[in-house]
Amino acid sequence: MPSTSQSALMNRSGEVMYNNALGKGMLIINSQHAAIDLLEKRSTIYSDRTHYISAGDFMTKNMSFSILPYGDLLRQFRRVAAEGFSKSAVQRFHPIQNREAIMSIMLSVDYHIPPVESKDDPCIIGVENHVRRFLREVQPGTRLVEYFPWLRYVPSRFAKWKRDAQYWFIQDSLRFQRLLGKVADDLANGIDRPSFGATIIKTQRKHGLSELEQAWLVGVMLSAGGETVSASLQWWILAMLVYPNVQARAHAELDEVVGRGRPPTFADIPFLPYIRAMVNESLRWSPVAPFGVPHASTADDWYEGMFIPKGTICLQNMRLLNFDPEVFGRTAAEFDPTRYLDEKGQVKTLMEGREEGHMSFGFGRRVCPGRYVAEGSLVINFTTLLWGMRFERPEGAQGELDVRTLVRSGPTARPVPFECKAVPRFTEAEALLNEALSMYE
Ligand code: HEM
């Protein structure tokens with residue numbers, strides 16, 4: 001077996017880079033070609049996750065979807081999620097998403113920024129805190145026990161990290177069970193609203209997950225979705241400020257297709273190719289998960305002359321993957337939705353076998369199960385927000401907007417905070433939105 005004691009190795013083309021730090025092998029994948037070769041074509045051995053003692057074994061008792069080892073429970077979770085969030089199944093969420101987009105714009109009108117949810121909802125606060133704790137816990141370097149695994153056997157009374165993790169497992173389990181319990185009560189009372197929770201309860205016999213597993217599956221889908229979609233919206237608003245010509249073209253498309261007499265709905269989306277292209281471009285351009293969610297390998301392997309030992313953690317360098325000049329040309333760093341449009345102005349497939357035309361939803365057997373609902377949320381939010389308002393920099397805002405620097409909160413990244421003003425585009429917008437909102441209530 002070749003020596004892996006060197007601290008950093010790069011294959012001939014620089015597409016992959018291997019690094020060994022504190023006994024943990026790490027591969028950085030720098031090209032689309034290598035990402036597809038390893039994480040998709042060889043997905044039988046590249047679909048595991050890093051094993052986290054604190055976040056995995058103690059804080060979530062190995063029920064947190066995104067860090068589950070590649071095994072039976074993961075396959076069950078993915079099957080249930082794939083059914084509940086398939087391209088056709090997510091259409092049942094459209095009325096809710098439409099209403100939320102309007103709520104979001106109404107909040108924007110009041111607060112000048114578009115919050116995704118009401119910040120005061122205790123349930124939202126609880127889930128947000130869970131996300132924050134979880135992201136901190138999986139951050140490299142947070143817990144010594146990840147480097148010295150024997151520390152897991154230190155009794156809880158001497159190990160605060162362990163006491164806290166056990167405490168949060170109980171609290172989060174109760175929270176997720178309470179949330180799903182409300183859906184179960186509604187169903188028992190004949191109230192059957194479209195939700196993933198309702199689907200999972202109704203199909204329990206088929207999938208066979210325990211009540212606790214169901215609660216964690218739904219809870220983690222909710223937290224994974226909230227964090228990523230809200231970060232994507234922030235990047236998109238930044239893009240609207242930096243590229244006013246893109247915003248103006250989207251406004252023109254909305255005026256032509258929807259007009260100003262009523263707010264848009266999902267029924268308009270097929271006729272708004274520029275805005276649909278903007279969703280793809282936004283996901284490509286925004287580094288929401290700058291290194292993806294790292295995969296881990298389960299067998300020794302060779303790639304283009306480089307040895308990759310079993311257990312290697314594989315990070316995907318999304319900025320390089322999504323800015324590949326061979327696919328996106330020399331303007332890859334620019335925010336330009338037209339790259340996704342053909343000569344007739346219709347959305348085109350830019351990457352063979354990858355409808356969305358970017359790599360931001362990840363790869364192979366771990367590809368994001370929430371991608372269709374995420375695209376739905378983004379497209380209706382972009383459409384509704386742009387229909388009613390224009391995003392501007394406030395007068396007197398200083399300096400250039402920073403599109404390169406990331407503010408990291410664990411594996412997700414947001415832009416450096418920036419000032420933004422949301423200006424109603426026409427006087428009737430607010431009244432028309434209020435009217436539309438009342439139809440959803
Ligand atoms: C802009 C929105 C989103 C982005 C950019 C995004 C991105 C990602 C990425 C990169 C991964 C890792 C894929 C891999 O390992 O190869 C992932 C996994 C995951 N995503 Fe998303 N996601 C988004 C929205 C959502 C939504 C809305 C949900 C839930 C409804 C969701 C649920 C999950 C879950 C549960 C996983 C873990 C899957 C697994 O480990 O097998 N995501 N996502």
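Whatever order the structure lists them in is the order used to number ligands and atoms, beginning at 1. It should be emphasised that the depicted structure is a prediction, and the values quoted were computed from it without experimental measurement.
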May I ask you to test the Leu209-Gln214 pair for a side-chain heavy-atom distance under 4.5 Å? yes
In the structure I gave you, are the side-chain heavy atoms of Leu222 and Phe196 within less than 4.5 Å of one another anywhere? no
Does Asp72 CG have over 12 foreign heavy atoms under 6.0 Å away? no
Spacing of CD belonging to Glu304 relative to CG belonging to Leu38, to within rounding of 0.5 Å: 8.5 Å
If I apply the N/O under 3.5 Å rule, does Val367 come out as touching ligand 1? no
ring-ring contact (aromatic ring centres under 6.0 Å, His included) filter on Trp285, not counting sequence neighbours, yields Phe335
Provide the closest heavy-atom pair for Trp236 versus Ser282 in the form atom of the first, atom of the second, distance. CB-OG, 3.6 Å
Atom 5 (C) of ligand 1 - nearest protein heavy atom and its distance: Ser360 O, 3.7 Å
Atom 29 (C) of ligand 1 - nearest protein heavy atom and its distance: Met221 O, 3.2 Å
For ligand 1 and Arg366, I'd like to know whether there is a polar contact (N/O to N/O, distance under 3.5 Å). yes
Distance under 4.0 Å to a non-hydrogen atom of Phe363: what atoms of ligand 1 satisfy this? 14 (C), 16 (O)
Can you name the atoms of ligand 1, numbered from 1 with element, that are less than 4.0 Å from a heavy atom of Leu283? 1 (C)
Calculate, to the nearest 0.5 Å, the distance between atoms NZ and CD1 belonging to Lys182 and Ile191 respectively. 13.0 Å
So, regarding Arg49 and ligand 1 (criterion: nitrogen or oxygen to nitrogen or oxygen, under 3.5 Å), is there a contact or not? yes
Smallest heavy-atom separation, Phe65 atom then Ala81 atom, equals CE1-CB, 3.9 Å
Main chain of Thr60, side chain of Ser64: is a donor-acceptor contact present, judged purely on distance under 3.5 Å? no
Sub-4.0 Å heavy-atom approach of Val373 to ligand 1: yes
Distance below 2.8 Å from atom 21 (Fe) of ligand 1: protein N/O/S atoms: Cys368 SG
Give a yes or no on whether the ring-centroid distance for Phe58 and Phe169 is below 6.0 angstrom. no
Judging by distance only, is a nitrogen or oxygen of Ser232 under 3.5 angstrom from one on ligand 1? no
Ranked by distance from atom 41 (O) of ligand 1, the top protein heavy atom is Arg78 NH1, 2.6 Å
Do any nitrogen or oxygen atoms of His295 come within less than 3.5 Å of a nitrogen or oxygen of ligand 1? yes
Below 4.5 Å, heavy atoms only, C-beta onward: do Phe361 and Glu375 meet side chain to side chain? yes
